[in-house]
Amino acid sequence: MSPVVFLVDDFFDVDDVVGACGALPHDEVIPVGTAVEPTTDQIDLHVAELNANLKHEPCAVVGVGGGITLDTAKAVSNLLRNPGKASDYQGWDLLRNFGVYKIGVPTIFGTGAEASRTCVLVNSDTRVKLGMNSDFSLFDEVVIDSSFASTVTPQQYFYTGMDTYLHCVESLAGRHRNPLSDAFSRSALELSREVFLGGQMQSPGNRSKLATASYLGGMAIAGSLVGVVHPLSAALSSILGVHHCEANCIAMRAVSNFYPDAADEFWAFASANGIEVGTINGAQLTDTELASLRAAMLAHERPLMNALGDGYRATLTDATLDDMFRAL
Ligand code: NAD
Ligand code: ZN
């Protein structure tokens, strides 16, 4: 009989979760830690272990958790049916085969990983963060229950929730637009404002709105591109190890020239919910660190062109980039 592979965020009691899902003894359960974001080596290791342990190909891969767990589940599903290594498929439309049937159960809301056509991995050799962007990276089925998010800390709830807000702000301000993505983005922004300006961001009603905004934001970004915030944030993740959603929020200290209204609104959201956004002590960065951060940010050419046009380097000079990083 074909087993099911469960990947479960280790915040949860893994046995309880898979028990509630009706797991059988021959199913495989992998707890997923969230101290670091998923790497290509980790995915290769999971897949090698599954191929060694399982007698039959799994009939489904189920991810229960935040973006780290959902992306790990997507990547494992893809690699079970595509030969080679995870890093072979980082980029656009490189996967050749459908993965194993994949089911996503988000337990925290904002990344839109439950809806998007990518799974973001840190390349273990180059440290560049890049997704397997492909129709094969879409979940076949998603189960959304916003009550899961009742146990998330307010800080993390805010950081992750802001990801959908920023996906939509950057998408709507970009050059690579289409009416469908715009409509998803506008709806997600409206819901985000209700959640983060309406008081009690984590009330049952607001959790449900944020779960909806996350899904819509994921759909929006599936057909459009982000802008300046995400490349800046990706540099903080790949060079300094700051997690994606926190890194986005830290990046908001340096983007008011590009997104003046959204920057004001973002800080109003933080203050309305008593959230103190972290810092990287940017003023202390050395020249070597600044050079690495610049290179890591500039590796994300597509979103920078989406935001600023082909001549984005005329705006983002080395001196401007250094000032931006020092402001974080
Ligand atoms: P996460 O997986 O990073 O988890 C954040 C923290 O929340 C962890 O400590 C986790 O254990 C905890 N957590 C999760 N659910 C919880 C719950 N119900 N109660 C209490 N704690 C809970 O969460 P995230 O912010 O959703 O994901 C970030 C990741 O998503 C990054 O790796 C990023 O690169 C990726 N991402 C993917 C996409 C995509 O389209 N695939 C888009 C954006 C970001
Ligand atoms: Zn994001």
Side-chain angles (χ1 to χ4, degrees), residues 7-14 16-17 31-40 42-43 63-75 77-78 90 102 104-123 128-134 137-139 142 144-171 188 202 207 210-211 214-234 236-238 241-249 251-252 300 303:
L7 294 115
V8 182
D9 187 322
D10 71 3
F11 164 81
F12 296 102
D13 182 321
V14 173
D16 276 1
V17 172
V32 179
T34 57
V36 291
E37 296 188 336
T39 64
T40 51
Q42 272 169 5
I43 302 302
V64 183
I68 288 179
T69 309
L70 297 183
D71 281 357
T72 304
K74 287 185 187 190
S77 150
N78 287 339
Q90 285 183 293
K102 29 182 160 312
V105 186
T107 61
I108 179 171
F109 297 94
T111 67
E114 64 278 20
S116 73
R117 68 188 290 282
T118 190
C119 45
V120 185
L121 304 175
V122 177
N123 186 296
V128 172
K129 247 184 115 172
L130 189 57
M132 289 183 193
N133 298 275
S134 161
S137 292
L138 280 162
F139 279 114
V142 177
I144 297 181
D145 178 350
S146 61
S147 65
F148 271 121
S150 61
T151 48
V152 178
T153 62
Q155 187 91 18
Q156 187 65 54
Y157 183 89
F158 180 83
Y159 284 157
T160 299
M162 280 301 103
D163 200 25
T164 194
Y165 174 78
L166 294 172
H167 288 160
C168 297
V169 162
E170 291 178 90
S171 172
Q202 232 162 325
R207 289 198 308 259
L210 186 59
S214 174
Y215 191 84
L216 293 173
M219 296 290 283
I221 215 65
S224 61
L225 285 168
V226 286
V228 178
V229 181
H230 271 73
L232 187 56
S233 161
L236 305 187
S237 296
S238 54
V242 185
H243 283 213
H244 177 70
C245 298
E246 179 176 9
N248 286 343
C249 292
M252 290 309 284
H300 297 267

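What you see is a predicted model, and the numbers here were worked out from it, not measured in a lab. Indexing begins at 1, ligand by ligand and atom by atom, following the structure's order.
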Would you check whether [X] has a nitrogen or oxygen atom less than 3.5 angstrom from a nitrogen or oxygen atom of ligand 1?
| X | value |
| --- | --- |
| Ser116 | yes |
| Lys129 | yes |
| Gly112 | no |
| His167 | no |
| Thr118 | yes |
| Ile68 | yes |
| Pro38 | no |

Atom indices of ligand 1, in the order listed, that fall short of 4.0 Å to a heavy atom of [X]:
| X | value |
| --- | --- |
| Thr107 | 14 (C), 15 (N), 16 (C), 17 (C), 18 (N) |
| Asp163 | 43 (C), 44 (C) |
| Val152 | 16 (C), 17 (C), 18 (N), 19 (N), 20 (C) |
| Cys245 | 25 (O) |
| Glu37 | 31 (C), 32 (O) |

His244, N/O/S atom nearest the Zn ion (ligand 2) =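 That would be atom NE2.
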Of all N/O/S atoms in Asp163, which lies nearest to the Zn ion (ligand 2)?
-> OD1
Distance from [atom] to nearest protein heavy atom, with residue and atom:
| atom | result |
| --- | --- |
| atom 28 (C) of ligand 1 | Thr111 CG2, 3.9 Å |
| atom 35 (C) of ligand 1 | Asp71 OD2, 3.5 Å |
| atom 19 (N) of ligand 1 | Thr151 OG1, 2.7 Å |
| atom 23 (O) of ligand 1 | Gly67 N, 3.5 Å |
| atom 33 (C) of ligand 1 | His244 CB, 3.6 Å |
| atom 12 (C) of ligand 1 | Asp9 OD2, 4.0 Å |
| atom 8 (C) of ligand 1 | Thr34 OG1, 3.3 Å |
| atom 7 (O) of ligand 1 | Gln156 CG, 3.7 Å |

Side-chain heavy atoms of [X] within contact of [Y], under 4.5 Å:
| X | Y | answer |
| --- | --- | --- |
| Phe139 | Leu70 | yes |
| Ile68 | His243 | yes |
| Val122 | Ser238 | no |
| Pro106 | Val142 | yes |
| Glu37 | Ser237 | yes |
| Thr107 | Val64 | yes |

Classify the ring geometry between His230 and His244 as parallel (under 30°), tilted (30 to 60°) or perpendicular (over 60°).
-> tilted
Between Phe109 and Arg207, does a side-chain contact (heavy atoms from CB on, under 4.5 Å) hold up when you go through it step by step?
-> CA-CA 8 Å; Phe109 297 94; Arg207 289 198 308 259; over 6 Å; no
Under-4.0 Å heavy-atom contact with ligand 1, by part of Asp10 that carries it = neither
Stepwise side-chain contact (heavy atoms from CB on, under 4.5 Å) test for Asn248 and Asp163 | CA-CA 7 Å; Asn248 286 343; Asp163 200 25; 2.8 Å; yes
Look at ligand 1 and say whether Phe12 reaches it with a heavy atom at a distance under 4.0 Å.
-> yes
Please confirm if an N, O or S atom belonging to His230, backbone or side chain, lies less than 2.8 Å from the Zn ion (ligand 2).
-> yes
Determine, step by step, whether Gln42 and Thr72 satisfy the side chain to side chain donor-acceptor pair (under 3.5 Å) criterion, reporting the C-alpha distance in whole Å, the side-chain angles of both residues, the deciding distance to 0.1 Å, and the verdict.
-> CA-CA 9 Å; Gln42 272 169 5; Thr72 304; 5.5 Å; no
Please name the pair of heavy atoms, one in Gly63 and one in Ala73, separated by the smallest distance, quoted to 0.1 Å.
->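 What the structure gives for the nearest pair is CA-CB, 3.7 Å.
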Does [X] use its side chain to pair, donor to acceptor, with the backbone of [Y] at less than 3.5 Å?
| X | Y | value |
| --- | --- | --- |
| Ser137 | Met132 | yes |
| Thr160 | Gln156 | yes |
| Gln202 | Tyr157 | no |

Taking atom SG of Cys249 and atom CG of Leu236, what is their separation to the nearest 0.5 Å?
-> 11.5 Å
